[in-house]
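Down below is the structure, laid out as structure tokens.
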4 protein chains.
Amino acid sequence: MMARTGRPRSAEADAAILDATREALVEQGWGGLTMADVAARAGVAKTTLYRRWANRNELVVDALGALFDELRMPDHGTLAADIEDVVLQFAALLDRPEVRTALMAVIAESSHDEGLRRRVRTAIVDRQKRLVVLGRHRAQRRGEIPPDDGTAATRAQVDLVFDVVAGAVVHRILVSGERVDAAWAAALSGLLREGLAGGRGGLGGGREGLGGGREGLGGGR
Amino acid sequence: MMARTGRPRSAEADAAILDATREALVEQGWGGLTMADVAARAGVAKTTLYRRWANRNELVVDALGALFDELRMPDHGTLAADIEDVVLQFAALLDRPEVRTALMAVIAESSHDEGLRRRVRTAIVDRQKRLVVLGRHRAQRRGEIPPDDGTAATRAQVDLVFDVVAGAVVHRILVSGERVDAAWAAALSGLLREGLAGGRGGLGGGREGLGGGREGLGGGR
Amino acid sequence: MMARTGRPRSAEADAAILDATREALVEQGWGGLTMADVAARAGVAKTTLYRRWANRNELVVDALGALFDELRMPDHGTLAADIEDVVLQFAALLDRPEVRTALMAVIAESSHDEGLRRRVRTAIVDRQKRLVVLGRHRAQRRGEIPPDDGTAATRAQVDLVFDVVAGAVVHRILVSGERVDAAWAAALSGLLREGLAGGRGGLGGGREGLGGGREGLGGGR
Amino acid sequence: MMARTGRPRSAEADAAILDATREALVEQGWGGLTMADVAARAGVAKTTLYRRWANRNELVVDALGALFDELRMPDHGTLAADIEDVVLQFAALLDRPEVRTALMAVIAESSHDEGLRRRVRTAIVDRQKRLVVLGRHRAQRRGEIPPDDGTAATRAQVDLVFDVVAGAVVHRILVSGERVDAAWAAALSGLLREGLAGGRGGLGGGREGLGGGREGLGGGR
DNA sequence: TATTAAACGAGACGGTACGTCGTGTCTTCGA
DNA sequence: TCGAAGACACGACGTACCGTCTCGTTTAATA
């Protein structure tokens with residue numbers, strides 16, 4: 001079904017190109033990144049890049065995605081400790097200059113390029129999200145949080161936690177320009193733990209409190 | 001003090017350029033935005049753009065900043081309602097196509113351009129942050145949250161709330177690509193209310209379950 | 001007849017502008033000459049330049065023309081000596097850097113600008129040609145050459161001599177890039193003397209050896 | 001000796017560009033000539049122009065030089081007839097609108113650009129000069145003029161004749177703005193023939209005749 | 001082992017935007 | 001009213017990158 005003949009593609013070239021891309025991002029930044037420069041650093045012809053990636057954006061997404069693949073969900077025995085660990089891992093990743101300069105750029109580009117959006121989702125977003133899902137399962141097995149009841153509210157809670165954790169870390173590092181240290185990670189973890197527990201089923205349990213009803217919101221104290 | 005001679009700059013041109021910039025962003029996206037196109041839309045020469053802004057990035061930051069200037073802190077009587085209102089305002093802003101396509105792009109560029117970073121801070125970030133500060137003051141006057149005690153922990157809490165709120169909204173809309181509706185805003189607000197209240201006024205106060213990292217943050221109590 | 005009101009134009013400004021034009025030509029060459037630079041050197045606003053000259057070309061023609069005004073027809077007592085003197089004067093003029101760089105340029109521009117062509121003619125060409133006419137008259141008074149007989153051939157000879165003398169000097173200096181010294185001037189003068197004498201008073205009188213083309217020019221005899 | 005790799009340059013592009021340059025010169029004149037227009041006419045990208053020529057001046061010199069390459073030295077059997085033929089060829093060349101508008105311009109530019117001066121010399125001046133040298137050899141073989149004696153005077157005479165012929169034609173057409181017809185060519189040819197023959201060994205050798213000796217000038221009648 | 005077809009390097013190519021510069025006009029203020 | 005200062009619309013400049021296209025040269029599977 002597929003061509004079996006001819007010279008096969010070089011696997012070394014792939015790795016060299018991704019490495020060169022990250023190296024160039026560190027030195028030149030997103031705006032200064034050029035395909036010719038990447039090719040030269042990788043010791044490869046421009047043609048070879050375009051044979052594998054359609055354009056600069058897709059190349060960068062893959063180069064970044066490889067880094068996100070290294071994220072690991074630890075098991076420290078408590079949800080809070082697990083969250084803090086992941087937050088710090090994520091922060092360390094965002095602190096890398098190639099990520100700082102390129103992550104938001106490809107997300108911006110993806111806002112008007114559906115193909116790129118899909119690639120960002122599979123290469124980057126889903127690789128983060130699975131940590132949230134995994135951490136949640138572990139916490140449920142430990143009994144720290146109630147098990148899934150299969151409602152939409154459950155899925156909504158996963159999404160909310162994901163957006164809060166990832167969003168807060170991204171915002172602090174890339175927008176506010178502040179460092180994420182253990183203290184900050186603990187603070188965020190604490191906020192989440194109380195927020196989720198305090199909700200007594202909270203959001204996700206999604207009952208009365210959701211959807212506009214906020215009769216109790218804040219009035220609780 | 002400064003030169004008073006020569007033909008003064010046209011104030012109309014400034015407004016026309018910023019309008020044209022937003023219009024072009026809507027139609028062409030960040031990647032398709034060109035200075036020549038903006039100039040043509042504004043009925044102005046390219047020179048006139050470059051006389052006011054050093055480059056495309058700074059122009060776009062100012063064009064976006066003007067939108068963030070329209071954010072208002074309402075007074076609904078409760079912190080939760082105030083937060084939800086602001087979250088929805090912010091979400092509406094991020095839903096505008098010119099913001100979706102360009103906000104993350106300029107933040108990415110700012111990661112290796114200190115001047116641009118400052119401009120982003122004053123034109124965009126600080127305009128959001130003052131809402132958090134104002135909302136916090138109101139809630140303190142209402143007695144919903146304890147007054148500032150002047151510690152670093154207090155300032156840290158403001159920063160954390162800001163990063164969580166803004167980060168979550170940005171992440172949900174731009175990264176996850178989901179809509180922010182009243183239900184989601186209420187859920188986020190609830191998470192924050194419980195998270196802040198549960199902490200006994202203190203992030204970092206995090207107790208037993210926390211990883212331990214709280215060297216100084218939580219000392220505020 | 002003319003408006004007498006308002007501030008009168010500065011006569012000093014005119015001289016300063018022409019001086020500045022020549023100075024700028026020396027330093028920047030024709031291609032590097034800018035109106036703004038001329039204005040700055042003259043201590044004058046660009047407006048003032050454009051109030052007096054319609055464009056760069058006309059300004060330069062006048063700036064060069066002033067130099068050609070200094071050409072003088074001496075009276076050494078013989079035609080040959082007079083020619084040599086004028087040739088050397090002309091050569092000295094063409095050796096000035098502002099003339100080298102700009103004379104051919106304005107002539108080139110004049111090829112598709114009738115107004116400029118007229119200005120070149122009156123400011124530059126006619127100022128050279130009158131020397132030929134004057135020298136011819138003197139030589140006729142001395143009896144070195146026959147008096148005008150009013151025929152077209154007479155006028156044609158004046159033109160031919162003018163084109164040969166001016167053209168040869170211009171070509172040697174600007175095209176061939178060689179110097180004009182007394183020996184060369186004498187050689188040119190000698191060629192002309194023999195050429196005119198040999199012709200038996202007649203260009204076009206050319207006999208047997210000539211190609212045949214003489215339909216009317218030589219009819220002067 | 002040189003790199004043999006990569007895609008070779010298109011020879012068609014070269015020809016198309018030079019043609020387009022002459023075409024644009026005819027329609028727009030020297031001042032209206034733009035690289036973008038030439039590229040568009042040639043169906044070529046601007047980059048391709050700049051890959052071959054450093055700037056507009058060098059491009060135009062080559063475009064004009066190709067025309068001067070077509071000059072031919074005929075053999076009519078007499079020096080006079082040969083001169084007239086060449087003069088008319090040269091005049092026809094200078095009458096072409098692309099040459100009228102651009103030749104003096106590039107010569108002007110060459111006055112402060114040594115590289116351009118060299119290019120003008122090889123592409124234009126030397127192509128004319130070889131005709132003088134060739135015509136002189138033929139006339140010597142015919143016995144019309146004495147053979148070279150190897151002195152500097154001989155070389156000086158070649159140069160003088162060249163400057164006189166080329167200079168006179170250029171000056172008449174471009175400066176005086178008059179046409180060159182057979183009659184004028186014959187008159188110039190006659191002047192030269194007599195001037196060279198009358199000199200008895202001509203200029204350079206010419207001593208006594210110089211400076212003061214002009215006893216016979218015009219006295220021929 | 002020879003064939004063969006794709007991968008590869010090099011670099012020219014058609015495009016497009018960049019940011020700068022010069023032109024000639026205009027608008028303001030002060031002399 | 002003139003002049004200085006300088007903003008303005010316009011348009012060309014020469015550069016840089018894009019992504020595509022030839023070239024001639026490897027290189028591994030296949031026949």
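In what follows, every chain begins at residue 1, and chains take the letters A, B, ... in the order their sequences are listed. Every heavy atom of this structure was used, including side-chain atoms; hydrogens, water molecules and symmetry mates were not. Not measured: the values here are computed from a predicted model.
We find the CZ-CG distance between C/R121 and C/L116 to be 11.5 Å, quoted to the nearest 0.5 Å. The structure places CG of D/L64 at 12.5 Å from CG of D/D69, a figure rounded to the nearest 0.5 Å.
Taking only side-chain nitrogens and oxygens, A/R9 never comes nearer than 4.0 Å to OP1 or OP2 of F/dA29.
When the nearest nucleotides of DNA chain E are assigned to A/R52 and C/Y50 by heavy-atom distance, the more 5′-ward of the two goes with A/R52. Along DNA chain F, the nucleotide closest to B/S10 and the one closest to A/M35 are compared, and the more 5′ of them pairs with B/S10.
Axis orientation changes by 10° from one end of the helix from E/dT1-F/dA31 to E/dA31-F/dT1 to the other, with each end axis drawn from 5 pairs and the value rounded to 10°.
Distance CG (D/L33) to P (F/dC13): 8 Å, rounded to an integer number of Å. For A/N55 and F/dG19, the CG to C1' distance is 10 Å, given to the nearest whole Å. The CD-P distance, from A/E58 to F/dC18, rounds to 15 Å in whole Å. Between the CH2 atom of C/W53 and the C1' atom of E/dT25 there is a distance of 19 Å, given to the nearest Å. Across the protein-nucleic acid pair, D/N57 atom CG and F/dC13 atom P stand 11 Å apart, rounded to whole Å. Counting to the nearest Å, the P atom of E/dG22 and the CG atom of C/L59 are 16 Å from each other.
Using a cutoff of 4.0 Å between basic side-chain nitrogens and carboxylate oxygens, C/R41 and C/D37 are scored as salt-bridged. Look at D/R9 and D/D14 and you find no salt bridge, because none of the NZ, NE, NH1 or NH2 atoms lies under 4.0 Å from a carboxylate O. In this structure, B/D62 pairs ionically with B/R119, as a charged nitrogen and a carboxylate oxygen lie closer than 4.0 Å.
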Identify each atom pair where a protein N or O and an N or O of nucleotides 25-27 of chain F are less than 3.5 Å apart, giving names and distance.
residue, atom, partner, partner atom, Å
F/dT26, O2, A/R7, NH1, 2.7
F/dT27, O4', A/R7, NE, 3.4

Using the 3.5 Å cut-off, write out each protein N or O paired with an N or O of nucleotides 9-11 of chain F and the distance between them.
residue, atom, partner, partner atom, Å
F/dA9, OP1, B/G43, O, 3.4
F/dA9, OP2, B/A45, N, 2.9
F/dA9, OP2, B/T48, OG1, 2.7
F/dC10, N4, B/T47, OG1, 2.7

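Taking both residues in full, the closest heavy atoms of B/W30 and B/E109 are given as CZ2-CG, 4.4 Å, listed atom of the first, atom of the second, then distance. Residues C/L33 and C/A24 share a closest heavy-atom pair of CD1-CB, 3.4 Å. Of all non-hydrogen atoms in A/T101 and A/G29, the two that sit nearest each other are OG1-CA, 3.6 Å. Summarising the geometry of B/Y50 relative to B/M35, their closest heavy-atom pair is OH-CG, 3.4 Å, with the distance given to 0.1 Å. Across all non-hydrogen atoms, the minimal contact from A/A42 to A/A16 is CB-O, 3.7 Å.
Residue B/A36 is classed as a sugar-phosphate contact, given heavy-atom separations below 4.0 Å to backbone atoms only.
Applying the 6.0 Å contact sphere to CD of B/E12 captures no more than 12 heavy atoms from other residues, nucleotides or ligands.
With F/dT15, E/dC18, E/dG11 as the choices, the nucleotide that has an atom nearest any side-chain atom of B/R56 turns out to be E/dC18.
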